[in-house]
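In what follows, every heavy atom counts, from backbone to side chain, and hydrogens, waters and symmetry copies are set aside. In what follows, chains are A, B, ... by sequence order, proteins preceding strands, each numbered from 1.
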Number of protein chains: 2
Amino acid sequence: MDRIDRKLLKLLQEDASRTNADLAAEVGLSPSSCLRRIRRLKSVGVIDRVVALLDPAKAGRGMKAIVTVELERHGEQHMRRFLEVAAMEPVVVQAYSVSGSTDAVLMLRLMDMDEFDTLCERLFRDRTNVARYYTMFVIRTAKETTAIPL
Amino acid sequence: MDRIDRKLLKLLQEDASRTNADLAAEVGLSPSSCLRRIRRLKSVGVIDRVVALLDPAKAGRGMKAIVTVELERHGEQHMRRFLEVAAMEPVVVQAYSVSGSTDAVLMLRLMDMDEFDTLCERLFRDRTNVARYYTMFVIRTAKETTAIPL
DNA sequence: ACCCAGTCTGCAATTTTATTGCACAAATCC
DNA sequence: GGATTTGTGCAATAAAATTGCAGACTGGGT
């Protein structure tokens with residue numbers, strides 16, 4: 001993990017569609033060496049995978065919400081069960097158990113309020129072990145990156 | 001935007017490193033047609049970009065935190081300024097202004113507590129217009145996807 | 001300082017993949 | 001129902017990734 005590896009990771013986190021020759025030139029390496037480094041980074045798992053990122057609005061999911069959840073009965077078992085159920089929902093794109101007074105945090109990618117309503121119905125209705133939940137709708141996205149700083 | 005486009009988007013959101021011929025076979029199209037569809041999806045911006053996703057732990061950023069922020073003085077101008085400053089920080093990977101009693105939410109990718117401490121020092125110290133902030137450290141990640149449901 | 005083993009590098013040949021032109025089929029619009 | 005637009009498959013071409021190999025670099029032991 002030297003300077004060149006970090007530079008490659010930085011470049012690939014921004015744009016993984018560039019050609020190997022292109023990347024090689026930018027980091028000052030031959031295409032073959034560059035390729036071998038990238039392959040190594042993949043094989044050791046530093047690079048987990050490469051994916052296409054969609055424009056949420058153009059994909060019809062412009063609405064985003066952050067929901068904090070407080071459970072009725074606490075404990076590892078109950079927490080696990082809730083997160084399992086939440087993770088099943090396609091509109092739940094992130095699901096965490098967290099420290100502090102709230103137990104879990106969910107990130108939602110929604111089409112409209114209707115979708116939010118039906119989701120709440122499913123996840124937070126009676127007999128669902130949710131004591132209370134608090135929804136914050138995203139007004140403006142100032143930053144949203146998948147890149148991990150190196 | 002028909003059934004095939006959606007299937008392609010779904011596949012590319014999971015793994016954008018597959019070959020075109022491979023994708024074409026899976027959606028039942030010839031490689032050339034498949035390629036043209038993907039190119040169209042990129043040109044209209046539905047596909048925003050393709051990126052490499054790193055393993056946070058292996059990249060040395062296993063710690064994640066969610067911070068809700070309440071500003072001292074509210075209003076568009078102050079909110080914009082705060083988000084601008086927050087977005088500059090590399091460890092801030094998501095920054096939103098939100099509805100509800102809190103004004104902003106930040107997602108942090110951290111190496112350790114020290115990094116958290118110095119960030120708070122910079123973002124939340126006196127004269128920074130932050131009335132109070134509440135930090136939730138992520139204990140367990142049940143789901144974390146970049147894929148937008150279609 | 002020297003040598004050795006292990007690792008990394010660049011070059012060039014090879015294989016794989018993406019890309020394009022073209023003729024034809026399907027859907028769409030009057 | 002005919003014309004126009006849009007989408008499709010095939011085959012040729014261009015571009016890119018991948019591999020073998022010989023040499024350069026690196027670090028540890030003496």
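- Whole-Å rounding puts the A:Leu35 CG to D:dA16 P distance at 14 Å.
- Taking atom CG of residue A:Asn20 and atom P of nucleotide D:dA17, one finds them 5 Å apart after rounding to whole Å.
- Atoms CG (B:Leu23) and C1' (C:dT17) sit 12 Å apart, rounded to a whole Å.
- Using a 4.0 Å cut-off between a side-chain N of Lys or Arg and a carboxylate O of Asp or Glu, A:Glu26 and A:Arg18 qualify as a salt bridge.
- Residue A:Met1 qualifies as enclosed at atom CE: its count of foreign heavy atoms under 6.0 Å is above 12.
- Between A:Arg18 and D:dA15 there is no side-chain polar atom (N or O) within less than 4.0 angstrom of OP1 or OP2.
- As a whole-Å value, the separation of B:Met1 CE from D:dT6 C1' is 17 Å.
- Each of A:Val130 and A:Val105 belongs to its own hydrophobic cluster when Ile, Leu, Val, Met, Phe, Trp and Tyr are linked at side-chain heavy-atom distances under 4.5 angstrom.
- Closest approach of B:Ala142 to A:Ala87, counting heavy atoms only: O-CB, 4.3 Å.
- Taking atom CZ of B:Arg39 as the reference point, atom C1' of D:dA15 lies 13 Å away to the nearest angstrom.
- Contact annotation: the side chain of A:Val69 approaches that of A:Phe82 to within less than 4.5 Å [non-hydrogen atoms, C-beta and beyond].
- One hydrophobic cluster holds both A:Tyr133 and A:Met79 under the rule that ILVMFWY side chains link at heavy-atom gaps under 4.5 Å.
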What are the atom names and distances for every N/O pair under 3.5 Å that joins the protein to nucleotides 8-10 of chain D?
| residue | atom | partner | partner atom | Å |
| --- | --- | --- | --- | --- |
| D:dT8 | OP1 | B:Arg37 | NE | 3.4 |
| D:dT8 | OP1 | B:Arg37 | NH2 | 2.7 |
| D:dT8 | OP2 | B:Arg37 | NE | 3.4 |
| D:dG9 | OP2 | B:Ser30 | N | 2.8 |
| D:dG9 | OP2 | B:Ser30 | OG | 2.8 |
| D:dG9 | OP2 | B:Ser33 | OG | 3.0 |
| D:dG9 | N7 | B:Ser32 | OG | 3.2 |
| D:dG9 | O6 | B:Arg36 | NH2 | 2.9 |
| D:dC10 | N4 | B:Ser32 | OG | 2.9 |

